[in-house]
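Below: one structure, written as structure tokens.
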Amino acid sequence: MATPTELARLVDLHLADLRDPEPNWTIGPSPMAGRGVFATRDIQQGELIFRERALVVGPTARKGSILNTCVCCHKLLAVKDFLCKNKCTLPVCDKCSDSEQHRNECELFRRWQPKDLQKGKDDDAEADCCPVNAMSLRILTAVRVFFLQPDQRALVQAMQANDDKCYRGEIIKAAQCFRKFPTTDKPYMDKLFRVVGVLNTNAFEAPCRMGDHEILLRGLFPLTAVMNHECTPNASHYFDNGRMAVVRAARFIPKGGEVTTTYTKILWSNLTRCIFLKMTKNFICDCARCNDNTENGTYLSALFCRQQGCKGIMIPVQTKTLQPDWRCLTCESVFPHSKMARYQDFALNTINNRINACSISDMITFINDMCPRFCPPSNYVLVEAKLNVIWRMSRATTEVFTEEQLKCKDRYRAELLELLEKLGAGECTLKKLITEERL
């Protein structure tokens, strides 16, 4: 990694016209993770800290994502015949297929000879209709880094990249999609592995809307990524149509204080956040919230006691561990994590299956009537279900809701806002989304 001074210089070049002449932030050494963003003066709650364009953007191509979306303009394409007319096998609209933006990557993919194209080499119609390979699509964002300007590539190299065997596996799977992938070119492969590591460590998934179509883009926002993690951060970020990050102070930040964000969902439980951070970011958080097994009295981890006849709730005994024991707050019975994990997985799967399959009306009935039988109202899985209902009701354009359903939405909203207040989340993005305020 580059020094904070060198990183700051490259970030200034990257921000260009978006850099404030007298910014309220600076990049400096951090006790959390080597480098971080710090306040150069007192920053008031709600104050803009910075805006930042994505350095590079590409498709997420993760499981379940829509693949027939143009990799350049992101508009939804036809169900068939949506691949680039120049035979690179990427999903690209006719207008973008000859664009400057797509030219270099198109030539590179054709030079690598995608295997999908070979299926229909004697039949152009078949070649045009061949399916998209998600792994070759995911590598596209990394490939685009090689076509950036020198200072931009230097900024990517200056960023942290966790070393993970899964990242190398991602490249291997992508290589299998081509006949002439440069696997024997060690300097190139080393650079590619480094770029993939940077993206997996720092990139964000940002929503982008094109008309009625919304997709998630994979974007690298270097300055936003430099901010270190805190489970209840003092800054909050959101994305403007997938290509612009906006960061504001969620709480008052004193001069010299480190500006923090969160790498997880703020309403996840301690244990869920701990597992996610360890698996994806390779660290375990040591913030005040992670050291409190009640999470400021929110009890987001809580499960019902498994002792017969007891109606109490159980919470993890230890913090900052992936397999804690659980203790009942009423009868003080202690159960091993293995037993409680099965119970937690049952609740998670039951509710998630309903979220994916139920109508809004059925989901409300399920939350109100069924969930209280196997999940405390404070448990983060049930909290996520309530949040899902709020999102869906807020976005619905034609569906008419009963007065009782609207009351449920208001009740869920009040409960979630109370949780955010207990956590000390301040004016975070989630609060504004729940209350339907302008971001």
Side-chain angles (χ1 to χ4, degrees), residues 231-232 262 264-278 284-355 358 363-390 408-425 430-431 434:
C231 290
T232 306
T262 180
T264 71
K265 291 185 179 181
I266 198 168
L267 289 177
W268 279 354
S269 68
N270 269 359
L271 182 58
T272 305
R273 296 193 319 279
C274 184
I275 293 172
F276 179 84
L277 291 171
K278 182 61 178 176
I284 292 179
C285 184
D286 192 36
C287 71
R289 178 178 170 185
C290 286
N291 283 284
D292 176 7
N293 58 4
T294 75
E295 297 192 57
N296 284 24
T298 60
Y299 298 99
L300 287 164
S301 301
L303 294 170
F304 283 135
C305 181
R306 310 309 292 160
Q307 189 69 32
Q308 188 173 2
C310 182
K311 297 181 179 180
I313 61 172
M314 306 193 77
I315 60 173
V317 176
Q318 304 91 357
T319 60
K320 300 182 299 180
T321 179
L322 302 183
Q323 296 184 327
D325 294 322
W326 292 67
R327 179 174 57 83
C328 177
L329 298 181
T330 301
C331 71
E332 297 191 352
S333 295
V334 176
F335 289 93
H337 177 71
S338 57
K339 183 172 184 176
M340 300 308 294
R342 290 194 296 270
Y343 177 28
Q344 176 74 59
D345 289 344
F346 165 75
L348 179 65
N349 292 332
T350 301
I351 293 177
N352 280 344
N353 288 339
R354 292 281 182 155
I355 287 175
C358 281
M363 194 66 209
I364 291 175
T365 301
F366 177 70
I367 290 172
N368 294 344
D369 297 342
M370 294 296 295
C371 286
R373 301 180 187 180
F374 61 85
C375 188
S378 63
N379 183 276
Y380 86 96
V381 181
L382 182 50
V383 168
E384 287 274 312
K386 293 175 182 177
L387 192 56
N388 177 269
V389 169
I390 294 173
C408 286
K409 177 187 176 184
D410 289 340
R411 177 163 58 84
Y412 298 162
R413 180 188 286 126
E415 291 172 357
L416 297 183
L417 292 176
E418 183 180 358
L419 287 174
L420 292 175
E421 181 68 24
K422 285 183 178 180
L423 290 173
L430 181 58
K431 178 180 178 181
I434 292 173

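Using a 4.5 Å heavy-atom cutoff, the side chains of Q307 and T330 are not in contact. Between R306 and M340, the closest side-chain pair of non-hydrogen atoms falls below 4.5 Å. Side chains of V389 and Y412 form a contact here, defined as non-hydrogen atoms less than 4.5 Å apart. Using a 4.5 Å cut-off on side-chain heavy atoms (C-beta onward), W326 and L271 make contact. You'll find the side chain of L387 reaches within 4.5 Å of the side chain of L416, heavy atoms only. In this structure, the side chains of C305 and C331 come closer than 4.5 Å at one or more pairs of heavy atoms. With a 4.5 Å cut-off on side-chain heavy atoms, L329 and M314 do not count as touching. For the pair I351/I367, no side-chain contact is recorded, criterion being any heavy-atom separation below 4.5 Å from C-beta on.
N368 and R411 share a donor-acceptor pair across their side chains, judged by distance under 3.5 Å alone. Residues N270 and N293 have side chains that never bring a donor and an acceptor to within less than 3.5 angstrom of each other.
Salt bridge status for K265 with E384: present, with a side-chain N to carboxylate O gap under 4.0 Å. Comment: D292 does not engage R289 in a salt bridge, judged by the lack of any side-chain N to carboxylate O separation of less than 4.0 angstrom.
No option in L267, T298, L419, T272 other than T272 meets the side chain to side chain contact (heavy atoms under 4.5 Å, CB included) test with Y380. Partner of F374 under the ring pair (Phe, Tyr, Trp, His ring centres under 6.0 Å) criterion, chosen from F304, F346, Y343: F346.
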- Message: Go through it in stages, so that I can follow the logic: the residues are C328 and C310, the test is side chain to side chain contact (heavy atoms under 4.5 Å, CB included), and I'd like the CA-CA distance, side-chain angles, deciding distance and then a yes or no.
- Response: CA-CA 9 Å; C328 177; C310 182; 3.6 Å; yes
- Item | Criterion side chain to side chain contact (heavy atoms under 4.5 Å, CB included) on M370 and T350, from CA distance to verdict | CA-CA 10 Å; M370 294 296 295; T350 301; over 6 Å; no
- Task: Start with the C-alpha distance between K320 and D286, add both sets of side-chain angles, then the distance that settles side chain to side chain contact (heavy atoms under 4.5 Å, CB included), and finish with yes or no.
- Result: CA-CA 7 Å; K320 300 182 299 180; D286 192 36; 2.6 Å; yes
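Between the CG atom in L420 and the CD atom in E415 there is a gap of 12.0 Å [rounded to 0.5 Å]. Residue K431 holds its NZ atom at 6.5 Å from CD of E421, rounded to the nearest 0.5 Å. One finds the CD atom of Q344 at 15.0 Å from the NZ atom of K339 (value rounded to the nearest 0.5 Å). Within the model, atoms OG of S301 and CD1 of I315 stand 8.0 Å from one another, a figure rounded to the nearest 0.5 Å. Separating the CG atom in L277 from the SG atom in C231 is a distance of 6.0 Å, to the nearest 0.5 Å. Between the CD1 atom of I284 and the SG atom of C290 there is a distance of 9.5 Å, given to the nearest 0.5 Å.
Listed here is the closest heavy atom pair of L322 and K278: CD1-CG, 4.2 Å.
In this structure, N379 contributes its side chain and L303 its backbone to no donor-acceptor pair below 3.5 Å. Remark: side-chain polar atoms of R273 are paired, donor with acceptor, to backbone N or O of S269 under 3.5 angstrom. Using modelled atom types, no side-chain atom of R327 and backbone atom of V317 make a donor-acceptor pair closer than 3.5 Å. Judged purely by atom type and a 3.5 angstrom limit, N349 uses its side chain to pair as donor or acceptor with the backbone of D345. With Q318 contributing its side chain and D325 its backbone, the two residues share a donor-acceptor pair below 3.5 Å. When atom types are taken as modelled, the side chain of N291 and the backbone of C287 share a donor-acceptor pair closer than 3.5 angstrom.
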